[in-house]
Protein chains: 2
Amino acid sequence: MNKPSLRDVARRANVGTTTVSRVLNKHPNIAEATRGRVMAAIEQLGYVPDVGARHFRLGRTHAISALLPMIGTPFYETLLTALHDPVASKDYDLALFPLLGSQRVRRYRDPGALVYRADALVIVSQDPDELYGGPPPFRGPTVLVDVHHPGYHSVSFDNVGAGRLAAEYALSCHLPIVFLDGQDLPDAPGSPVFAARRSGILQTLGRHGIRPVLTVSVLPEQEGLRNAARDIAAQRPAGPFLLLAMTDDLALGVRQHLHDVNLHLGEDYSLLGFDGSAAAAAAGLSTVVQPVRAMGEAAAEVLLGALNGELNTLVQRQFSPTLREAQSTALRMTTA
Amino acid sequence: MNKPSLRDVARRANVGTTTVSRVLNKHPNIAEATRGRVMAAIEQLGYVPDVGARHFRLGRTHAISALLPMIGTPFYETLLTALHDPVASKDYDLALFPLLGSQRVRRYRDPGALVYRADALVIVSQDPDELYGGPPPFRGPTVLVDVHHPGYHSVSFDNVGAGRLAAEYALSCHLPIVFLDGQDLPDAPGSPVFAARRSGILQTLGRHGIRPVLTVSVLPEQEGLRNAARDIAAQRPAGPFLLLAMTDDLALGVRQHLHDVNLHLGEDYSLLGFDGSAAAAAAGLSTVVQPVRAMGEAAAEVLLGALNGELNTLVQRQFSPTLREAQSTALRMTTA
DNA sequence: TTGAAAGCGTTACCAT
DNA sequence: ATGGTAACGCTTTCAA
């Protein structure tokens with residue numbers, strides 16, 4: 001037996017297809033009796049509406065696609081959870097499309113890719129120009145998150161300001177600064193996030209005539225961290241220093257390996273990270289906090305606004321960093 | 001100007017719609033000249049095929065949906081990367097649908113949900129019976145990953161065997177055993193993974209007439225770990241002990257907090273985890289390894305087989321655990 | 001090698 | 001309150 005269609009239901013209930021459609025879509029002007037007959041027929045046949053056909057007919061999919069560089073980090077979990085709830089409450093479905101490695105980007109240049117079968121597109125942590133070499137092959141509203149571009153709606157974080165804030169706090173510690181820089185994966189498109197933070201940090205330090213006594217650049221991989229710890233141990237300044245790490249993950253990771261080479265947090269060095277992650281909070285790490293939830297919620301708001309056609313102008317929301325101080329920078333107290 | 005359709009292209013190129021369709025689908029029997037005219041028309045109009053309409057007509061979407069309990073952990077990143085490549089090379093698109101919290105499960109009971117607009121469904125780390133209270137509202141081939149169920153194709157990991165392996169190794173250390181159990185989130189459907197590992201562990205220990213001297217149950221949250229560390233410090237056995245943790249994350253997390261309460265790995269205790277994560281490898285943690293990549297690849301294979309209708313019987317592949325030994329259990333050497 | 005026309009399942013317009 | 005029918009954009013059969 002083939003999948004029953006709306007027509008089969010209509011025949012079974014002795015009504016027209018229009019009536020069945022109306023019942024399904026909860027139209028008001030339907031007699032309770034007919035409604036009952038239709039429901040019964042639906043039940044008996046085990047009819048399920050073909051959403052594909054509906055979407056085809058309507059030209060709208062009721063779907064939102066999110067294009068992510070990857071999954072596997074709490075940042076995206078938090079961001080997308082915050083984004084999901086508001087759009088789901090407006091009955092939009094959210095589908096995730098992680099790049100899962102950069103060679104897969106080619107797939108996303110095809111306008112026929114599944115990701116574009118959606119009413120709106122969210123691009124997270126990626127500059128569309130770098131991703132596509134131009135605009136995305138998508139006609140609907142597009143919102144950028146965690147990245148800024150003058151040509152799109154965007155919800156972003158002031159990473160330059162974050163770098164500045166970190167640098168100012170670092171300066172206030174009056175310790176020599178060791179900079180643990182993050183390096184992009186060789187084949188991935190360069191992350192604008194790291195570049196922005198880096199420039200905020202170095203400019204601010206420079207304005208005070210200060211440069212890091214040591215800069216170690218590390219890939220976001222586990223073995224890189226061990227090497228970084230070795231390098232720091234070998235080339236560190238004589239006394240205590242402040243270690244400024246580009247992300248909390250880097251900070252927490254290197255802390256472990258520094259321990260193995262006999263450098264101890266709170267005695268030999270202070271530690272400052274970026275992101276305000278839950279792990280940082282639990283570990284007592286001072287960090288520049290990024291309001292991830294708020295950004296996700298803001299993105300949802302922009303998205304829904306755009307879908308309702310309420311946005312006649314480009315929305316560019318930028319969130320500011322704050323600093324959360326914890327024990328990891330207590331050393332400053334001793335020396336300040 | 002409206003979106004141009006295949007008909008517009010046909011008119012522009014002075015051919016029938018059939019011909020345009022043939023050009024688009026690379027049919028062999030097309031004169032090179034006509035082909036050129038059609039391509040030119042496509043170019044001039046900026047025509048993009050409507051995939052929705054194509055899918056509607058064909059009844060197939062060329063999409064695979066993956067239903068995940070969450071994202072944000074390296075496990076899913078690895079698994080899905082391994083799953084993605086083989087299906088992408090067969091031109092299937094993969095869309096991710098994380099539950100992002102359990103109250104969102106209701107959405108997935110609706111047969112019209114976006115997730116079911118796919119040719120095949122992958123359910124990861126969830127028992128369909130618990131998720132839906134029955135079979136999923138989906139007609140196509142369905143493959144379970146990281147969980148086993150007699151009614152579905154499945155690619156799973158022998159978690160009971162993993163527990164057994166861990167317990168046997170633990171016994172060989174001849175140290176009192178402290179068991180750091182994982183607890184499910186209160187509102188989430190219970191993970192069969194933890195239950196299976198736990199039973200493998202306890203049964204094996206029991207068979208040797210041994211019970212953990214202390215069992216601490218912890219939520220997979222950061223503050224829970226601190227409390228766990230406190231409890232362990234307070235109630236631990238007199239001498240050195242072996243800490244058996246339900247996951248690497250738990251193991252690595254608690255290690256940090258144990259350090260804070262003056263219990264040191266390699267001196268006061270040995271540590272054994274589960275999962276074989278990259279973080280475990282980097283931290284020198286002994287662990288029961290799960291072949292995540294291989295599982296993802298196997299899932300892709302099953303999926304493609306089912307889509308080609310090559311599977312006339314249920315496929316149930318189960319992967320076995322192996323043990324990776326590292327410094328974290330070196331204490332056994334001293335005492336054995 | 002090419003084209004006309006039917007038809008996929010749904011909704012919306014216009015009748016009644 | 002209800003129904004007939006056209007239309008959405010595409011692929012496919014059948015015929016030329």
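Throughout, protein chains are lettered first and strands after them, A, B, ... in sequence-line order, and every chain is numbered starting at 1.
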- [ ] For DNA chain D, determine which residues of residues 31-39 of chain A have any heavy atom closer than 4.0 angstrom to one of its atoms, and list them numerically.
- [x]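 Of all residues in residues 31-39 of chain A, the ones placing a heavy atom under 4.0 Å from DNA chain D are Ala31(A), Thr34(A).
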Listed pairs, N/O of protein and of nucleotides 8-10 of chain D, under 3.5 Å:
unit_1	atom_1	unit_2	atom_2	d
dC10(D)	OP1	Tyr47(B)	OH	2.4
dC10(D)	OP1	Asp50(B)	N	3.0
dC10(D)	OP2	Leu6(B)	N	2.5

Taking [atom1] from [X] and [atom2] from [N], how many angstroms apart are they, rounded to a whole number?
| X | N | atom1 | atom2 | value |
| --- | --- | --- | --- | --- |
| Arg11(B) | dA4(C) | CZ | C1' | 14 Å |
| Asp8(A) | dG7(C) | CG | P | 15 Å |
| Asn29(A) | dA15(C) | CG | C1' | 15 Å |
| Arg22(B) | dT11(D) | CZ | P | 12 Å |
| Arg60(B) | dG9(C) | CZ | P | 15 Å |
| His27(B) | dT12(D) | NE2 | C1' | 9 Å |

TODO: Quick one: label Asn14(A) by what it contacts on the DNA or RNA (base, sugar-phosphate, nothing), any heavy atom closer than 4.0 Å.
DONE: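 It contacts sugar-phosphate atoms only.
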TODO: For Pro141(A), check side chain to side chain contact (heavy atoms under 4.5 Å, CB included) against everything at least two apart and list the hits.
DONE: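 For Pro141(A) the side chain to side chain contact (heavy atoms under 4.5 Å, CB included) partners, ignoring immediate neighbours, are Ala120(A), Ala306(A), Leu307(A).
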Task: Listed partners of Val51(B) passing side chain to side chain contact (heavy atoms under 4.5 Å, CB included), at least two apart - done: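 Partners of Val51(B) under the side chain to side chain contact (heavy atoms under 4.5 Å, CB included) test: Arg117(A), Arg54(B), His55(B).
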- [ ] Assign the ring pair Tyr132(A) / Tyr116(A) to parallel, tilted or perpendicular, where the plane angle (0 to 90°) is split at 30° and 60°.
- [x]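 Tilted.
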Open item on the list: For Asp8(A), give me all partners under side chain to side chain donor-acceptor pair (under 3.5 Å), at least two apart in sequence or on another chain.
Closed with: Arg11(A)
Task: All side chain to side chain donor-acceptor pair (under 3.5 Å) counterparts of Thr61(A), not counting sequence neighbours - done: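 In terms of side chain to side chain donor-acceptor pair (under 3.5 Å), with neighbours along the sequence ignored, Thr61(A) is linked to Asp119(A).
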Task: Residue from Leu303(B), Val143(B), Val115(B), Ile64(B) passing side chain to side chain contact (heavy atoms under 4.5 Å, CB included) with Leu121(B) - done: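 Result for side chain to side chain contact (heavy atoms under 4.5 Å, CB included) with Leu121(B): Val115(B).
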Task: Distance below 4.0 Å between Thr19(A) side-chain N/O and dT2(D) OP1 or OP2 - done: no
Task: Quiz item: Thr18(B) side-chain donor-acceptor pair to dT12(D) base, under 3.5 Å - done: yes
Task: Test log, rule side chain to side chain contact (heavy atoms under 4.5 Å, CB included), inputs Asp127(A) and His149(A) - done: CA-CA 7 Å; Asp127(A) 184 321; His149(A) 187 294; 3.5 Å; yes
Open item on the list: Would you say that more than 12 heavy atoms from the other residues, nucleotides or ligands in this model lie under 6.0 Å from the CD of Glu310(B), or not?
Closed with: yes
- [ ] Work out which heavy atom in Gly133(B) is nearest to a heavy atom in Arg109(B); give both atom names and the distance.
- [x] N-NH1, 4.2 Å
